[in-house]
Amino acid sequence: MTRITAPPPPSSPPSSPPSSPPPIRHSPAPATPRSRRRPSPSPSLALTPSSASASATSSRPKARPSPKRTYTPAQWVLLPSHPVFSRGDGGEGGGSVAWDAAASRLYVWDPSVRGVHRICVRIRDAEMGKDGEDVAVEAAVPSEMLMPETDLGYKVTHMTLNTDGSSLLLAGSHYISVLYLHERVSEDGDTIICRTAPVASQILPSNNDGLKVLQTLWHPFSSSHFGVLTSDAVFRLFDLSFDLEKPEQEFYLQPILPGKCQNASSICPVTFSYGSDHLWDRFSIFILFSDGSIFVLCPIVPFGSDYSKKHIQEIYEDVNTFGLKSSNQNVVTNSRLAIAWLEATFPDLLNQPADTSALISRAHPYASLDDSLTLQGPLCRVCEENNEPESRSSSCEGKAVGFVYSSVGKDSVLVTAWGSGQLQIDALADEIQPQWSIGIPTRLNVDSHGHIKSVAMICDSNSEDSWSMRSHRPSSTGSSVKSNTDAIWMGHSPPLLRLAIVDLALPKTSNGSSLSLFLDPLVPERFYCAHGGGLDMITLHFLPFSYPDMASTPPSVHPVLTTGNNETNSPFLSGFVTIADAYGHVQLVSITCSGECFVVEMKGWKEPMPLQLDINSKSIKDVESFTTGMISKELITGPDPPIVPSSSSLRSLTPDSIEGKSTLHHYIKVFHEYYVEYGHKVFIELKEHADYLKTEIEDKQKRLQAVKQSLLSIEAKDQDINDRMDRAFKVYDLLEKRIESFKMLPAANKKPLSRAEQEFKAQLDRFADVELDALHSSITALSARMKRFVHPSIGSAAGTGMPPWQPPKVGRSHISDSQTSLLKSSLERLSLLNEENNLKLKLIEHELKNQEQ
């Protein structure tokens with residue numbers, strides 16, 4: 001893992017392209033149907049409408065023909081050094097960012113010019129080059145500027161790209177627009193004017209008041225559908241190819257029953273996430289509320305979206321096998337509704353086409369007239385009877401601010417981010433199944449041929465669901481298979497299995513921290529969390545169903561970017577994308593709020609292990625390498641002594657005899673060969689060793705001089721250190737006196753709060769931080785909806801002549817007097833409830849102050 005703390009310095013683009021360009025590798029494209037494949041881009045970043053895009057937008061007005069442009073060869077620079085990020089003009093900072101993996105293009109929103117930069121990106125493999133550096137992410141210069149047809153008039157906070165890379169969704173706090181990348185109005189050099197259309201302009205207010213856009217997200221199984229979650233607890237699904245003003249599907253969320261509200265934050269949605277390609281999860285939408293509760297809507301499919309026929313057939317066989325043969329009436333009812341929905345939505349299940357090789361099944365419009373979807377939840381955690389106090393103490397604080405869903409093997413992982421800097425990681429302990437509310441009709445809008453154009457329904461939660469799941473306990477190993485099979489279709493929401501709670505140790509702030517969650521494109525066990533303090537990587541090491549034999553290991557947290565900023569309530573990154581290259585690595589591209597760009601390469605899916613060195617297992621070569629330049633051991637040990645015969649044989653010889661003289665001459669020659677040769681070796685070694693000793697002595701002299709300088713500097717600072725120590729002792733004495741004086745105060749004998757008082761105080765703090773804001777937002781949303789119904793827009797009446805859900809009636813308003821009075825009475829009750837809560841808070845604060853005094 002690579003850590004980056006500062007961007008590289010900006011560099012000017014080269015004057016001419018290199019004669020021999022380095023080898024490049026492009027990011028792998030996601031698996032998309034062949035009918036949506038687009039031609040590969042050229043380095044000049046030009047785009048022309050493809051046949052697939054033209055067929056999808058046949059109902060729209062054709063774009064004006066543009067004259068042919070003359071393209072200049074692209075010059076490649078490092079992505080952080082691109083002029084878009086290194087201009088340093090003191091603009092409005094950075095903006096949102098989106099990545100097109102199929103075309104290898106990066107889209108960056110520029111708040112200063114209110115346009116989108118389209119940058120062609122390539123990944124250069126430095127291992128095949130000669131520079132020896134890491135993999136470099138390069139960008140083409142110049143880049144294209146995509147401008148909306150008209151000024152948006154609002155601040156873009158979020159930008160997303162659809163699956164085929166043809167449209168950008170530009171979302172603000174109260175407005176949404178779609179930028180069509182393939183439909184050009186005009187162009188001037190590298191600046192292209194693209195067609196832009198507003199979304200739900202009749203639903204969203206025009207004065208930045210009332211409804212607020214919480215999140216917008218493209219559907220993963222359709223390139224023309226996107227979901228919008230607003231502050232009035234309504235989820236809408238729009239079709240880009242049909243109508244941008246009226247939603248194709250509209251779901252009014254009712255997380256609590258009327259008159260049963262005990263927590264105002266439980267009715268305030270925060271964000272949502274689509275399910276992944278796993279059984280019924282692909283038809284599910286997970287919705288997070290500010291109190292941390294998670295609800296599920298299933299099944300929901302965009303009209304005309306494509307799904308794998310093999311997976312649909314698998315689900316269909318599963319329902320027929322385990323549902324209809326049950327002895328429980330609730331099991332049979334849920335199974336029949338699920339079978340009817342599958343057969344109507346995917347007619348291929350009954351009418352097998354002649355071409356049996358088809359791999360894709362297209363969803364047809366369908367909705368039950370007499371039944372509506374159930375808002376499943378809130379999802380409860382699986383707990384034992386003895387673990388109830390422990391589960392309460394392990395709950396997170398503050399309010400939920402982020403949410404993401406990830407499918408990892410056989411597990412469905414849900415990650416919730418809290419404003420206190422904590423991450424709650426749960427896994428579904430059971431499979432998600434569809435649920436309907438019997439007897440609640442659905443409102444349909446059909447054309448003259450009887451085809452469904454749009455659907456709207458009220459989704460109520462099941463009050464018996466949460467109580468049944470609270471009493472849910474993990475089944476024992478000896479339970480029968482038949483009881484487990486019946487439990488699948490009993491109509492209860494799947495429970496959650498707590499994996500871990502990760503505390504990022506962020507500084508505490510009054511408004512809470514702003515956290516954003518992002519998934520890794522290659523490693524499903526890994527995700528990233530961006531906050532005001534930087535960027536962290538979290539890796540899961542234990543999954544209950546994918547890795548059941550592994551020990552329960554807590555997840556690991558590794559910081560990738562660190563800012564050292566204590567103000568974590570303000571986000572640090574304005575845009576973040578993950579780019580998967582062709583060698584199994586992930587490139588993290590981050591855009592800061594100041595407009596700087598960071599690129600971090602994540603190698604491998606596991607964290608690098610520390611290098612292990614065994615000091616005792618050194619070889620002889622390693623030991624000799626440390627003694628280079630020293631005298632050899634052979635010279636230090638001395639010469640080998642010659643073999644002398646026993647003294648008895650020499651005593652019989654006399655020095656004057658011939659044999660004695662011969663023996664003496666022989667041993668003189670032997671001793672001369674051994675000792676004179678050894679002395680010559682010592683002389684040569686010492687002569688060559690003189691240079692080494694000279695170098696060593698000079699080095700020691702330098703080190704000695706450095707030590708003397710350090711000692712002189714320490715002696716010079718000794719007096720200063722002594723003075724600082726004296727001042728520290730004086731401050732210590734002063735603090736001790738102040739502590740003694742504080743002990744004499746009457747509050748020193750105050751007893752600590754009991755457990756019940758601490759829980760009550762925490763409940764009051766949560767009520768003051770979350771509940772009042774939730775009530776104010778609810779009142780604002782209801783006021784905006786009442787104004788919209790009482791005073792309908794003239795444009796909608798002129799365009800249709802009637803409300804979309806009512807038959808044409810002349811001379812009557814869109815809303816009855818009884819409904820108006822009901823809305824007014826609801827507003828009055830909410831205002832009275834708000835006033836009562838304010839009075840209770842004042843009384844409680846007064847009592848707490850009296851107790852402290």
Side-chain angles (χ1 to χ4, degrees), residues 1-3 271 273 276 278 281 286 288 292 294 379 381-383 387 390-391 393-398 400-429 494-507 513-562 568 573 576 578 580 584-586 588 590 600-610:
M1 186 180 65
T2 307
R3 183 189 298 272
T271 182
S273 180
S276 183
H278 174 73
D281 291 11
F286 299 84
L288 176 70
I294 301 174
L379 303 183
R381 291 192 296 111
V382 177
C383 59
N387 294 342
E390 181 181 358
S391 63
S393 61
S394 62
S395 60
C396 300
E397 301 176 355
V401 295
F403 176 75
V404 70
Y405 166 92
S406 177
S407 179
V408 186
K410 300 179 181 180
D411 294 88
S412 297
V413 180
L414 308 178
V415 183
T416 305
W418 294 78
S420 58
Q422 295 174 315
L423 301 179
Q424 176 182 317
I425 305 176
D426 300 314
L428 292 178
L496 295 177
L497 181 63
R498 176 64 53 82
L499 299 183
I501 292 182
V502 178
D503 192 355
L504 300 179
L506 300 179
S513 302
S514 176
L515 286 81
S516 302
L517 299 175
F518 307 93
L519 296 177
D520 191 277
L522 296 181
V523 184
E525 295 90 348
R526 187 168 64 190
F527 60 93
Y528 305 92
C529 179
H531 47 79
L535 179 67
D536 295 333
M537 182 187 72
I538 297 93
T539 305
L540 301 178
H541 302 286
F542 168 74
L543 294 171
F545 300 102
S546 300
Y547 313 129
D549 298 333
M550 295 181 63
S552 180
T553 306
S556 58
V557 181
H558 295 268
V560 179
L561 293 176
T562 304
T568 57
L573 300 177
F576 179 81
T578 54
H585 300 165
V586 177
L588 307 181
S590 307
V600 184
E601 181 183 10
M602 308 300 295
K603 294 185 178 180
W605 87 271
K606 291 184 178 180
E607 296 79 20
M609 298 299 294

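Treat the numbers as computed from the prediction; the structure is a model and nothing was measured.
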Worksheet entry | Partner of M602 under side-chain contact (heavy atoms from CB on, under 4.5 Å), chosen from H585, M537, H558 | M537

Item to complete: Apply ring-ring contact (aromatic ring centres under 6.0 Å, His included) to F518 and list each qualifying residue two or more places apart in sequence or on a separate chain.
Response: F576

Item to complete: Dump the intermediate steps for side chain to side chain contact (heavy atoms under 4.5 Å, CB included) on L535 and V600, then the final yes or no.
Response: CA-CA 11 Å; L535 179 67; V600 184; over 6 Å; no

Worksheet item: Rounded to the nearest 0.5 Å, how far does CG of L379 lie from CG of L496?
Response: 4.5 Å

Worksheet item: Minimum heavy-atom separation for D503 to G421, with atom names?
Response: OD1-O, 3.6 Å

Worksheet item: Residues in side-chain contact (heavy atoms from CB on, under 4.5 Å) with A429, at least two apart?
Response: V382, P495, L497

Worksheet, complete the sentence: Applying side chain to side chain donor-acceptor pair (under 3.5 Å) to Q422 and not counting sequence neighbours gives S420

Worksheet item: Do L540 and P524 have side chains that get closer than 4.5 Å, going by heavy atoms?
Response: no

Item to complete: State, with a plain yes or no, whether a side-chain heavy atom of D520 is found less than 4.5 Å away from one of T539.
Response: no

Worksheet item: How many angstroms lie between CD1 in I538 and CG in L504, if you round to the nearest 0.5 Å?
Response: 6.0 Å

Worksheet item: Which atoms form the tightest heavy-atom contact between W418 and E397, and what is the distance?
Response: CE3-O, 3.5 Å

Discussion item. Taking side chain to side chain donor-acceptor pair (under 3.5 Å) as the definition, give me every residue that meets it alongside T271, ordered by chain and number, with sequence neighbours left out.
Written reply: Q215

Worksheet item: When rounded to the nearest 0.5 angstrom, what is the spacing between OG1 in T553 and CG in L499?
Response: 12.0 Å

Response to the item:
Across all chains, not counting sequence neighbours, the side chain to side chain donor-acceptor pair (under 3.5 Å) partners of D411 are S546

Response to the item:
Sequence neighbours excluded, the answer for salt bridge (Lys or Arg N to Asp or Glu O under 4.0 Å) partners of D281 is none

Worksheet item: Looking at I501 and R498, what are the two nearest heavy atoms and their distance?
Response: CD1-NH1, 3.1 Å

Discussion item. Under the rule for side-chain contact (heavy atoms from CB on, under 4.5 Å), what residues qualify as partners of V401, not counting sequence neighbours?
Written reply: A417, L515

Worksheet item: Atom NZ in K410, atom CG in L428: separation rounded to 0.5 Å?
Response: 15.5 Å

Worksheet item: Is any side-chain heavy atom of V586 less than 4.5 Å from a side-chain heavy atom of R526?
Response: yes

Discussion item. Which residues pass the ring-ring contact (aromatic ring centres under 6.0 Å, His included) test with F286, not counting sequence neighbours?
Written reply: Y405

Worksheet entry | L288 versus G402, closest heavy-atom pair with distance | CD2-O, 3.4 Å

Discussion item. If I take atom CG from residue L561 and atom OG from residue S590, how far apart are they, to the nearest 0.5 angstrom?
Written reply: 5.5 Å

Discussion item. Checking D536 now: which residues fulfil salt bridge (Lys or Arg N to Asp or Glu O under 4.0 Å) with it, not counting sequence neighbours?
Written reply: none

Practice prompt. Please name all residues satisfying side-chain contact (heavy atoms from CB on, under 4.5 Å) with V415, sequence neighbours left out, ordered by chain then number.
Written response: V404, V413, I425, L517, F527

